[in-house]
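Have a look at the structure below before the remarks.
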Amino acid sequence: MATKLTSVKKMYLVNFFISISLYFPVEVAYLNSLGFSSMQITVINLCLPLFIGILEIPTGHLGDLISRKKVMLYSILAFVISLLILIIFRNFYMILIAYFLEGLGWSLASGNNESLLKDIVNADVNKFNKSLSKFYEFSFLATLTSSILLVIITTFYGENYTLLLIVTFIIRLFALVMGLMIKGTSTNRKESMSNTLTIGNALKAFLQSSETISIGIYEGIGRFQFFFPTIYQIILLLNGFPLNYIVYINFGYVVFQFLVQRYSQHIIKCFKRRSLLVILPILQSLLMLSLFSKNIIIIAISIIIIYMCIPLKTQIDSVKNLV
């Protein structure tokens, strides 16, 4: 049946399968169960965005130089091997290697998969934009599916982290199979090399505008919100709250994030964009103080609202949207 799918739909499914993870929403609880200290857990969690950022630099043009399909397959292989290491090994350094491979996978996938989709669509801008929108929609469906599966598995099987890793591993194998079935596109190496923008020229273009510098700093600081799960999960575990609480909170903010994302343009129209740029991070910061509370309901509501702010910030922190 999969052979009857178009390459575009196969790309949607690849994105869906690689975006599913039953491990990362509860990674802190898992690492804590292995006896790692809070410092070790923090180091491991900080390493993933660090690896993604560092590895993004040399992988940016690989899709143009070799083949976008090959780069996509390499990224999926990195994901699969990373999960295999997590399933087999339990020591700190092997887990760091697994996180390195996870970061490598996302660095290879970033930009490349969207470019491969564009090559496959090979149509006008409007048609590509619709395909890209559907492509990202499958990312959300993967997050929602992960949350639902996580609730079901932890409800019936408890804190069975190995099962969560194995299920995620199998799902990402589906991504590999689906990726192999996509028809690749050829690249013109000489043309790609001539169109490559040097780091120096890119930096010069970025520094020419004070507005782009401000937005870059704003966006960079905003990335700390993605480290927030590590903080609140550690605090909940130290306060004796069970894993199910973390799972239910994760499910809650995924659902509400979707609702905010769906109606984001309507919400933004009710406020001035520049006002939201200031209000949203202040609101997130104040709500983080709820972690000092012992009331799980207050904590859960605060966490959900913090994550509801993220789609709005994503929509408005570009230059063209500030006017």
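Using modelled atom types, one side-chain atom of Asn112 and one backbone atom of Arg68 make a donor-acceptor pair closer than 3.5 Å. For Thr145 (side chain) and Leu141 (main-chain N/O), a donor-acceptor pair under 3.5 Å exists by modelled atom type. Judged by distance alone, the side chain of Lys118 and the main-chain N or O of Asn113 form no donor-acceptor pair under 3.5 Å.
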**OP:** Given side-chain contact (heavy atoms from CB on, under 4.5 Å), test Ile299 with Tyr232 step by step and report yes or no.
**Re:** CA-CA 9 Å; Ile299 294 173; Tyr232 82 73; 5.8 Å; no
Original post:
So Tyr307 and Gln284, side-chain hydrogen bond (donor to acceptor under 3.5 Å, both in side chains) or not? Walk me through it.
Top reply: CA-CA 8 Å; Tyr307 279 92; Gln284 286 180 312; over 6 Å; no
**OP:** Tell me, with the steps shown, if Ile249 and Leu236 meet side-chain contact (heavy atoms from CB on, under 4.5 Å).
**Re:** CA-CA 11 Å; Ile249 289 172; Leu236 289 179; 4.0 Å; yes
Subject >> Check against side-chain contact (heavy atoms from CB on, under 4.5 Å), Ile76 and Leu173 >> reply: CA-CA 8 Å; Ile76 299 172; Leu173 283 179; over 6 Å; no
Subject >> side-chain contact (heavy atoms from CB on, under 4.5 Å) evaluation trace for Leu283 with Cys309 >> reply: CA-CA 9 Å; Leu283 177 61; Cys309 294; 3.9 Å; yes
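Of all non-hydrogen atoms in Leu73 and Gly179, the two that sit nearest each other are CD2-C, 3.7 Å. Scanning both residues, Pro311 and Met308, for their nearest heavy atoms gives CD-O, 3.3 Å. Between Ile20 and Ser146 the shortest heavy-atom distance is CA-OG, 3.3 Å. Residue Ser19 comes nearest to Ala142 through the heavy atom pair CB-CB, 3.5 Å, listed as atom of the first residue, atom of the second, then distance. A pairwise comparison of heavy atoms in Lys313 and Pro281 identifies NZ-CB, 4.4 Å as the closest pair. Residues Leu165 and Leu86 approach most closely at CD1-O, 3.8 Å, considering heavy atoms.
The number of heavy atoms from other shown groups lying within 6.0 Å of CZ (Phe24) is above 12. Enclosure of atom CZ in Phe256 is not indicated, since only 12 or fewer non-hydrogen atoms of other residues, nucleotides or ligands lie within 6.0 angstrom. For Leu238, the CG atom counts as densely surrounded, since its 6.0 Å shell holds more than 12 non-hydrogen atoms of other residues, nucleotides or ligands.
Evaluation of the ring-ring contact (aromatic ring centres under 6.0 Å, His included) rule for Phe16 yields no partner, not counting sequence neighbours. For Ser290, the side chain to side chain donor-acceptor pair (under 3.5 Å) partners are Ser302, not counting sequence neighbours. Not counting sequence neighbours, Phe271 has no partner by the ring-ring contact (aromatic ring centres under 6.0 Å, His included) test. For Phe169, there are no ring-ring contact (aromatic ring centres under 6.0 Å, His included) partners two or more places apart in sequence or in a different chain. For the side chain to side chain donor-acceptor pair (under 3.5 Å) test, residues two or more places apart in sequence or in another chain that qualify with Ser139 are Asn15. Annotation: side-chain contact (heavy atoms from CB on, under 4.5 Å) contacts of Ile282 (sequence neighbours excluded): Val278, Leu286. Residues passing the side chain to side chain donor-acceptor pair (under 3.5 Å) test with Asn45, sequence neighbours excluded: Thr230.
Sorted pairs that involve residues 238-261 and meet salt bridge (charged side-chain N to carboxylate O under 4.0 Å, His left out), not counting sequence neighbours, are lacking altogether. Residue pairs meeting the salt bridge (charged side-chain N to carboxylate O under 4.0 Å, His left out) criterion with at least one partner in residues 74-102, sequence neighbours excluded, are Glu102-Arg172. The ring pair (Phe, Tyr, Trp, His ring centres under 6.0 Å) pairs that include a residue from residues 139-165 are Tyr30-Tyr161, Phe140-Phe258, where partners are two or more places apart or lie in different chains. Each side chain to side chain donor-acceptor pair (under 3.5 Å) pair with one or both residues in residues 245-260, not counting sequence neighbours, appears once here: Ser147-Asn250, Asn250-Tyr253.
A 4.5 Å side-chain heavy-atom check between Pro25 and Phe251 finds every atom pair outside the cut-off. Taking the side chain as every heavy atom from C-beta outward, Leu180 and Ile182 never approach each other to under 4.5 Å. Thr42 is listed as a side-chain neighbour of Ile234, based on a closest heavy-atom distance under 4.5 Å. Proximity of Lys9 to Phe138: side-chain heavy atoms (C-beta onward) are nowhere separated by under 4.5 Å. Considering only heavy atoms from C-beta on, Val80 stays 4.5 Å or farther from Leu101 through its side chain. Lys183 is not listed as a side-chain neighbour of Lys10, based on a closest heavy-atom distance of 4.5 Å or more. Residues Phe128 and Asn122 have side chains not in contact (no heavy-atom distance under 4.5 Å, counting atoms from C-beta outward). Between Ile66 and Tyr74, some side-chain heavy-atom pair lies under the 4.5 Å cut-off.
Note: the hydrophobic cluster containing Met11 also contains Tyr136 (ILVMFWY, side chain heavy atoms under 4.5 Å, direct or indirect links). Both Leu149 and Leu163 belong to a single network of hydrophobic side chains, linked directly or stepwise wherever heavy atoms of I, L, V, M, F, W or Y lie under 4.5 Å apart. Residues Ile246 and Ile152 share a hydrophobic cluster, clusters being chains of Ile/Leu/Val/Met/Phe/Trp/Tyr side chains in contact below 4.5 Å. If you chain together hydrophobic residues whose side chains sit under 4.5 Å apart, Ile148 and Val254 fall into the same group. In the hydrophobic clustering of this structure, Tyr263 does not group with Leu276; members are Ile, Leu, Val, Met, Phe, Trp, Tyr whose side-chain heavy atoms approach within less than 4.5 Å, directly or through other members.
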Distance-only criterion, 3.5 Å: show the donor-acceptor pairs between side-chain atoms of residues 92-100 and protein atoms not counting sequence neighbours.
unit_1	atom_1	unit_2	atom_2	d
Tyr99	OH	Tyr23	OH	2.9
Tyr99	OH	Glu27	OE1	2.4

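Expressed to the nearest 0.5 Å, how far OG of Ser264 lies from CG of Leu312 amounts to 6.5 Å. Once rounded to the nearest 0.5 Å, the distance linking OG of Ser38 with CG of Leu237 reads 9.0 Å. The distance from the OG atom of Ser37 to the CG atom of Leu31 is 10.5 Å, given to the nearest 0.5 Å. Between the CD1 atom in Ile44 and the CE atom in Met39 there is a gap of 12.5 Å [rounded to 0.5 Å]. In this structure, CZ in Phe79 is found 5.0 Å from CD1 in Ile18, a value given to the nearest 0.5 Å. Note: Glu137 CD to Lys130 NZ = 13.5 Å, rounded to the nearest 0.5 Å.
Here the two rings, on Phe51 and Trp106, have centers that are 6.0 Å apart or farther.
When the options Ile166, Thr154, Val247, Ile153 are evaluated for a side-chain contact (heavy atoms from CB on, under 4.5 Å) with Leu22, the one that passes is Ile153.
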